[in-house]
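For reference, the structure is listed below as structure tokens.
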Amino acid sequence: MSEPVHAAGNHDADVGMDEGRRDFLFMATGAMAAVGTVAAVWPFLSNLRPAADTLALASTEVNVASVAEGQSITVVWRGKPTFIRHRTAKEIEEAQSVNLDDLPDPQADAERVKPGEAKWLVIVGVCTHLGCIPLGQKTGDVKGDYDGWFCPCHGSHYDTSGRIRRGPAPANLAVPPYEFLSENVIKIG
Amino acid sequence: MSSPEFSNPIVRWIEYRLPVFSMLNHELHEYPTPRNLNYMWNFGSLAGFCLVIMIVSGIVLSMNYTAHVDYAFASVERIMRDVDFGWLIRYIHMNGASFFFIVVYIHIFRGLYYGSYKAPRELLWILGVVILLLMMATAFMGYVLPWGQMSFWGATVITNLFSAIPLIGENIVTWLWGGFTVDNPTLNRFFSLHFLLPFVIAGVVILHIAALHQHGSNNPLGIDIKNKGDTIPFHPYYTVKDMFGLGVFLTIFMAVVSFAPNYMGHPDNYVEANPLVTPAHIVPEWYFLPFYAILRAVPDKLGGVIAMFAAIAVLFVLPWLDRSPIRSAKFRPVYFVLFWVLLADCILLGFCGAMPAEGIWVVLSRLGTVYYFAHFIILLPLLGLYERPIDLPLSISKPSPSGTSA
Ligand code: HEM
Ligand code: FES
């Protein structure tokens, strides 16, 4: 494009100032556009999060009086299977005697049960690898090489404390928040 | 390029206002195509046809499908039993996905063999890999919709892949699910996205074709077009050849749809989803098996996920890993061998992915995975330096200088 010749003189003097002003306007506009874009996109992304009713899922209360020693039951908490095992003395002994240095995700058995309630193990029955449900709840099930649970999906072995011992899973089976309401009633969540 | 003269007055009236007829004529008739394309060049148009099959059958299915955990399984059964020709439409859609992948995988290996990813077709290739990724996402989410056991557990395992991301992984997975497990919100959003993505694919396909028409098709010799004698018009020569290929494809496709519609599926998916029981063997659809094998080959969770995504990511940079200026494997004696080994390796990985991750299968998956990456990251760059190619022909229509006929 051709410059208008008559303006050349005055124009030159203004150039520095104009450029600075332009840069400022340009950046200010850009910044506002960026803020506006984020503000517009955010509700759409946030919309995909669990809705209030999903979050408000009530806690689960379980009466474990009928679970005999050596037995396990599965209850549903937040849509996830939750394992409650009434451990035998041998299982407790196995869980407590492990050298913590041998564990991929070191955690003492005492930290995974309530004080004085070592016979009750309460864990979320979702494999920490990719979310399958480990076997070991039913009598005939394979329990893996450590007498606890075995995840058939990609071969993770959990011990009698629900800790990962071998296989691709990176972490122990999670212990959900729970409390004993009375001797035989557990409230999960 | 001369504007063609149309005699029909209506055509001329439209052409004057919207030049669609000269565009069609340009793309189909004047568009010069190498005269030596073989049947491997049928698979691009076949893939386009598959996309149309999927969109048409999918839209009809969605008119009877219900995206709700309590009704989805039953609504698909209703489509199969009560809806007129519902069984046919569903089997077309189900097997159409498999055939789409067969066609696209052949199309990709064609590109690998003839070096179609090399300059000036890098972007064309990259758009193709984008389409592959979108197809995988679409097929994965579609497989969740019938809400069978494999649907549910496949969705659980695959979405959990993202939990491998350090720190924010768990949050991302909850966000993907819209809950604490794969559940109704998950099914609903998957249906929505499964409906949308094929149209996104159609958009990328248009770009893919625009990039193709910029420099035209590669050809079995992998050399550039030198003169007019090297080319023939696309129409009628290749339109007819494509139609013939389509006929063969439809014959095989409809034979499978009619006589073995569940051959490529998994019986567990006819059991309704049960969030409390994982089936003993979870296997993805066959077209994901090689990637699944790579995922399981790595003993570390994050490592496995990275390796699996890297297996596709490496295709994006392939044009820069393969430094050889020669395109076609016909003139690359060592690459020729490596190509077939890579193909065998991918098939081996496919078998490993279908087997339980135990014993020999773990070993084979690991070897297969290492070789897969070695092919792209080590062998191809080295070949570019050390391989001695065979003399190229002077042009598509002239014999080669050393007398090797093409
Ligand atoms: C790239 C194209 C597409 C691919 C690869 C694809 C793939 C799939 C797959 C693998 C299934 C599961 C089939 C089964 O096991 O029953 C499925 C189901 C379904 N798809 Fe698609 N699809 C595509 C396009 C579409 C489109 C465009 C729509 C709708 C507009 C659609 C609607 C549906 C519906 C409603 C179902 C559930 C019914 C059923 O399971 O048969 N699909 N899709
Ligand atoms: S999901 Fe349990 S081992 Fe992979």
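Residue numbering restarts at 1 for every chain, and letters A, B, ... go by the order of the sequence lines. Quantities reported herein were computed from a predicted structural model and do not represent experimental measurements.
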I'd like to know whether A:Phe150 forms a side chain to side chain contact (heavy atoms under 4.5 Å, CB included) with A:Lys143, so could you lay out the CA-CA distance, the side-chain angles of the two residues, the decisive distance to 0.1 Å, and finally the verdict.
CA-CA 5 Å; A:Phe150 171 70; A:Lys143 297 191 170 185; 6.0 Å; no
Next on the checklist: For B:Phe191 and B:His194, I'd like to know if the aromatic rings sit close, meaning centre-to-centre distance below 6.0 Å.
Outcome noted: no
Side chain to side chain contact (heavy atoms under 4.5 Å, CB included) assessment of B:Met308 paired with B:Leu161: CA-CA 10 Å; B:Met308 188 182 79; B:Leu161 292 178; 3.4 Å; yes
Could you tell me whether the side chain of [X] and the main chain of [Y] form a donor-acceptor pair under 3.5 Å?
X: A:Asn99; Y: A:Asp101; result: yes
X: B:Ser62; Y: B:Tyr65; result: no
X: A:Arg78; Y: B:Gly179; result: no

Heavy-atom side-chain proximity of [X] to [Y] below 4.5 angstrom:
X: B:Tyr270; Y: B:Asn262; value: yes
X: B:Ile59; Y: B:Phe195; value: yes
X: B:Pro185; Y: A:Pro50; value: no

Among [range], which ones touch chain A with a heavy-atom distance under 4.5 Å?
range: residues 279-295 of chain B; result: B:Ala280, B:Ile282, B:Tyr292, B:Leu295
range: residues 134-159 of chain B; result: B:Trp153, B:Thr156, B:Val157
range: residues 298-307 of chain B; result: B:Pro299, B:Lys301

Given B:Asp183, B:Leu276, B:Val277, the one with more heavy-atom pairs under 4.5 angstrom with chain A than any other is B:Leu276
Per-residue tally against chain A (heavy atom, under 4.5 Å) across B:Thr278, B:Val182, B:Leu176 peaks at B:Thr278
Go through A:Val175 and A:Tyr178 one step at a time and tell me if the side chain to side chain contact (heavy atoms under 4.5 Å, CB included) criterion holds. CA-CA 8 Å; A:Val175 178; A:Tyr178 70 96; 3.8 Å; yes
Regarding A:Arg165 and A:Asp145, does a basic nitrogen lie under 4.0 Å from an acidic carboxylate oxygen? no
Under 4.5 Å to a heavy atom of chain B? For A:Thr54 that would be both
Salt bridge (Lys or Arg N to Asp or Glu O under 4.0 Å) between A:Arg85 and A:Glu91: does it pass, once the steps are laid out? CA-CA 10 Å; A:Arg85 185 182 276 195; A:Glu91 286 170 340; 3.2 Å; yes
Start with the C-alpha distance between B:Phe351 and B:Trp361, add both sets of side-chain angles, then the distance that settles ring-ring contact (aromatic ring centres under 6.0 Å, His included), and finish with yes or no. CA-CA 9 Å; B:Phe351 277 101; B:Trp361 296 108; 7.6 Å; no
Against chain B, residues from residues 106-138 of chain A with at least one heavy atom under 4.5 Å, in numeric order, are A:Thr128, A:His129, A:Leu130, A:Gly131, A:Cys132, A:Ile133
Would B:Leu349 and B:Thr369 count as a side chain to side chain contact (heavy atoms under 4.5 Å, CB included) here? Give the steps. CA-CA 8 Å; B:Leu349 282 171; B:Thr369 302; 3.9 Å; yes
Polar side chain donor-acceptor pair, A:Tyr158 to A:Asn172, under 3.5 angstrom
no
Exercise for review: Ignoring hydrogens and angles, state whether a donor on the side chain of B:Ser192 or B:Arg189 is under 3.5 Å from an acceptor on the partner side chain.
Suggested key: no
| Got more than 12 heavy atoms from elsewhere within 6.0 Å of CZ, B:Phe162? | no
Between B:Ser163 and B:Val173, the two heavy atoms sitting closest are N-CG2, 3.4 Å
Bottom line for B:Thr174: the part with an atom under 4.5 Å from chain A's heavy atoms is both
